[in-house]
Amino acid sequence: MHIPSTYIGRFAPSPTGPVHFGTLLAAVGSYLQAKANSGDWLLRMEDVDTTRRVEGADTDILKTLEAFGFEWQGDVLYQSQRTELYQQALDSLLSQKLVFPCTCSRKQLAGLAVYPGTCRQRSMPEQNEHALRLCTEAVTIRFNDIIMGEQQQALASECGDFIIKRRDGLFAYQLAVVVDDALQGVTEIVRGADLLDSTARQIYLQQKLGYPTPQYAHLPLAVDAHGNKISKSEGASRVDIKDREKLLIRALDFLGQQPPSELAGSSLEDIWLWSLTHWDIGRVPQKSKMIV
Ligand code: GLU
Ligand code: ZN
């Protein structure tokens, strides 16, 4: 008998390339946090942006995760197959009159940190050459990140009306991720700190769509010598599964878990066993760290 978990976590890679150390950190952090809470760990392929999808990257990621010994519950969900659900969410926002078409060109918006609301009063044009933006009110979104602490963002002034459906007809990540997390019943989101800044938008969308807000925990990033996040789309090197024991220990170390040196010669299974019994999210540092 499968007793339903009250904790539901997830890992949501974009299939834009192979698993690199940064991806591994998000997988390890979200996995151990789910397991430590006797939770389910779901896997979702974030291929909503089909223009960035790399052929075969999804199976490559799944094979790598399997080789590392990750176990997920249920089928892997693909965003590219969920357009209807995103449309339903959009319809709900449209019926609340929270959405407007934006025809601003890239040139018009160049150099602006925040969308100035230019198209707010525009009615839906006949042709499809427009993006859809969500109207943001002058509210401050606050949340308490398990790792990063108290966060707040004044949505209208710091972020502004944001795109929920792109000019090319694709739903935006912000909308897709909120719909999926809610429909999958995700209770806690553990992911990289590059998304810390997106969280206020996602909470705002949750509120407008009547969804509960999950807990958030943003992991420190692995950065390169220039301080940039190592990223698979920019050709960061793939993790070599021949080194999986070493890489797993490195990930645990990066995440502040202080793996004992004796663990170095252990089997993958024993490293997981140690991790599952010792994981403490309270030890995860806030600061990004350079990796070489
Ligand atoms: N798909 C995103 C990425 O690979 C992660 C999104 C999320 O965890 O909310 O960076
Ligand atoms: Zn506009």
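Each ligand, and each atom within it, is numbered from 1 in the order the structure gives. One is the number of the first residue; the rest follow in order along the sequence.
- Environment of CG in D240: crowded, with over 12 heavy atoms of neighbouring residues, nucleotides or ligands closer than 6.0 Å.
- With ligand atoms numbered from 1 in the order given, ligand 1 contributes 9 (O) to contacts under 4.0 Å with heavy atoms of V177.
- D60 has a carboxylate O that lies under 4.0 Å from a charged side-chain N of R238, or vice versa, which qualifies the two as a salt bridge.
- Note: W272 and Y31 meet the aromatic proximity criterion, with ring centroids under 6.0 Å apart.
- The local environment of CD in Q96 is crowded, with over 12 non-hydrogen atoms from other residues, nucleotides or ligands closer than 6.0 Å.
- When only interatomic distances are considered, the shortest N/O to N/O separation between D194 and ligand 1 does not fall below 3.5 Å.
- The side-chain heavy atoms of V190 and Y216, taken from C-beta on, include no pair separated by under 4.5 Å.
- Under the 4.5 Å side-chain criterion, counting only non-hydrogen atoms from C-beta, K289 is not in contact with V223.
- Backbone and side-chain nitrogen or oxygen atoms of K229 are examined, and none is located within less than 3.5 angstrom of a nitrogen or oxygen of ligand 1.
- Near R10, with a cut-off below 4.0 Å to any heavy atom, the atoms of ligand 1 are 7 (C), 8 (O), 9 (O).
- One finds no salt bridge joining R10 and E46 here, because no Lys/Arg side-chain nitrogen approaches an Asp/Glu carboxylate oxygen to under 4.0 Å.
- No heavy atom of F11 sits closer than 4.0 Å to any atom of ligand 1.
- Closest heavy-atom approach to atom 9 (O) of ligand 1 within the set Q174, R191, Q202: this belongs to R191.
- The set of protein atoms (N, O or S) found at less than 2.8 Å from the Zn ion (ligand 2) reads C102 SG, C104 SG, Y115 OH, C119 SG, by chain and number.
- When side chains are defined from C-beta on, L170 does not count as touching K165, because their heavy atoms never get closer than 4.5 Å.
- In summary, the side chains of Q184 and R44 do present a donor paired with an acceptor at a separation below 3.5 Å, with no hydrogens or angles considered.
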